[in-house]
2 protein chains.
Amino acid sequence: MTDAREHEGSTGGEDVARDALVEISFAVQQLLGQVAESHDLSLTQLRLLGILRDREPGMLELAGYLNLEKSSVSGLVDRAEQRGLVRRKPVAADGRAIHVSITRKGRAIGAKIEHDLAQPFARLLRPLPPRQRAQLVALLRRLLDER
Amino acid sequence: MTDAREHEGSTGGEDVARDALVEISFAVQQLLGQVAESHDLSLTQLRLLGILRDREPGMLELAGYLNLEKSSVSGLVDRAEQRGLVRRKPVAADGRAIHVSITRKGRAIGAKIEHDLAQPFARLLRPLPPRQRAQLVALLRRLLDER
DNA sequence: TATTGTTATACTCTATAACTATA
DNA sequence: TATAGTTATAGAGTATAACAATA
């Protein structure tokens, strides 16, 4: 939007790239948010279910995954537990610790949301034929994996 | 993550594409959020400043841009106004309406944030040489523009 | 009556600081 | 003392419903 590229030592195409990334990021977040909301879940709750799909972390570990304070996670897990989506399990080896696991209900809702996401993503990706789609994935993966 | 691709009429590569888009979206949001937070702004407040950079919308219009209820926007603008970032202006032609405009201070902070975003985005994009970067932009633009 | 915006209320999300219980 | 987790508290963000003022 600005003409920063004129003044700084940019490699070129940096701002259009930034704009495109910002826009796609908001588009995807909106999409995720809408589907989650249709199941009465916030994006954070959805992330929680996603993390618990194949893990049973403690609260601190969970805070790490979610990039939240442990006290925030307490509340998050409280609300999810009240809704029967997750469960706190005492840890035999350490009386202070607990592990958080997903319930059958939580897993079912997660699966339903994942299913519901297929359509919107298919629509979003429709403009790209398979070859270009693969190209996009390769480019994004390179950004993500070399972070 | 699931094997949905086995059961539904997918074009192929749909889930890796979805995963990549979700991941990049969270990465970008985190980046934006961190820079905004370093100026004590939420992502929504940052969006607000961005919208007001070249517009003076009414509350309903603003709610449309932000995809929020008008009452939510009232609070949002309240807080931004208290911090001196935006201003409510009465509209001569319609006694019910107001226009929201950005203050010099708001514009300055927005500019500072935009400046601060250059580095992190440059780092994120570093793995891609110019040609591939252009390719990525072209692919993303096609997704975004044909929504 | 319809429209623009605000207010009242309630809940989620988040953080900081203080606390409890266990190691 | 250090660590895992919770609680107390506060504020932002959001929605719904009711309201006030103007059109």
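We use all heavy atoms of the structure for the numbers below, so side chains are in, but hydrogens, waters and symmetry mates are not. Sequence lines set the chain letters: A, B, ... in the order given, protein chains first and strands last, and positions in each chain run from 1. Just so you know, these numbers come straight off a predicted model, no measurement behind them.
The side chain to side chain donor-acceptor pair (under 3.5 Å) search around B:S101 returns B:R87, not counting sequence neighbours.
If you take CG of B:L43 and P of D:dG13, they are 10 Å apart, rounded to a whole angstrom. A straight line from CG of B:D94 to C1' of C:dG5 spans 10 Å, rounded to a whole angstrom. C:dT6 atom C1' lies 8 Å from atom CZ of B:R88, rounded to whole Å. With rounding to whole Å, B:L41 atom CG is found 18 Å from D:dG11 atom P. Across the protein-nucleic acid pair, B:L68 atom CG and D:dA12 atom P stand 16 Å apart, rounded to whole Å. B:L66 places its CG atom 10 Å from the P atom of D:dA15, with the value rounded to the nearest Å. Straight-line distance from the CD atom of B:E61 to the C1' atom of C:dG5: 14 Å, rounded to whole Å. One atom, CG of A:D40, and another, C1' of D:dT16, lie 14 Å apart when rounded to the nearest Å.
Classification of A:R88 and A:D78 as a salt-bridged pair holds, one side-chain N sitting under 4.0 Å from a carboxylate O.
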Show the numbers, then the answer: is there a side chain to side chain contact (heavy atoms under 4.5 Å, CB included) between A:L48 and A:Y65? CA-CA 9 Å; A:L48 175 62; A:Y65 285 129; over 6 Å; no

Side chain to side chain contact (heavy atoms under 4.5 Å, CB included), that's the test. Do A:L66 and A:L76 meet it? Break it down for me. CA-CA 11 Å; A:L66 291 164; A:L76 199 68; 3.7 Å; yes

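Closest to the side chain of B:R96, out of C:dT3, D:dG5, C:dT14, is C:dT3. For B:S42, whose side chain is taken as the heavy atoms from C-beta onward, the closest listed nucleotide among D:dA12, C:dT14, C:dT6 is D:dA12. Closest contact between the side chain of A:I98 and the listed nucleotides D:dT6, C:dT6, C:dG5 involves D:dT6.
Contact annotation: A:T44 side-chain N/O to C:dT12 OP1/OP2 distance is not under 4.0 Å. Proximity of A:R79 to the phosphate of C:dC11: no side-chain N or O atom is located under 4.0 Å from OP1 or OP2.
Using a 4.0 Å heavy-atom cutoff across all strands shown, A:S74 reaches at least one base atom of the nucleic acid. Nucleic acid contact class of A:G75 (heavy atoms, under 4.0 Å, all strands): none.
Side-chain contact, A:R83 with A:Q45: no donor N or O sits under 3.5 Å from an acceptor N or O.
For the pair B:R133 (side chain) and B:L125 (backbone), a donor-acceptor distance under 3.5 Å is present.
Toward the 5' end of DNA chain C, the nearer of the two residues B:P57 and A:A92, judged by each one's closest nucleotide, is B:P57.
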Tabulated below should be each protein N or O lying under 3.5 Å from an N or O of nucleotides 16-19 of chain C; please produce it.
unit_1: C:dT16; atom_1: O4; unit_2: A:S71; atom_2: OG; d: 2.6

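Within the model, atoms CG of A:L139 and CD of B:Q135 stand 5.5 Å from one another, a figure rounded to the nearest 0.5 Å.
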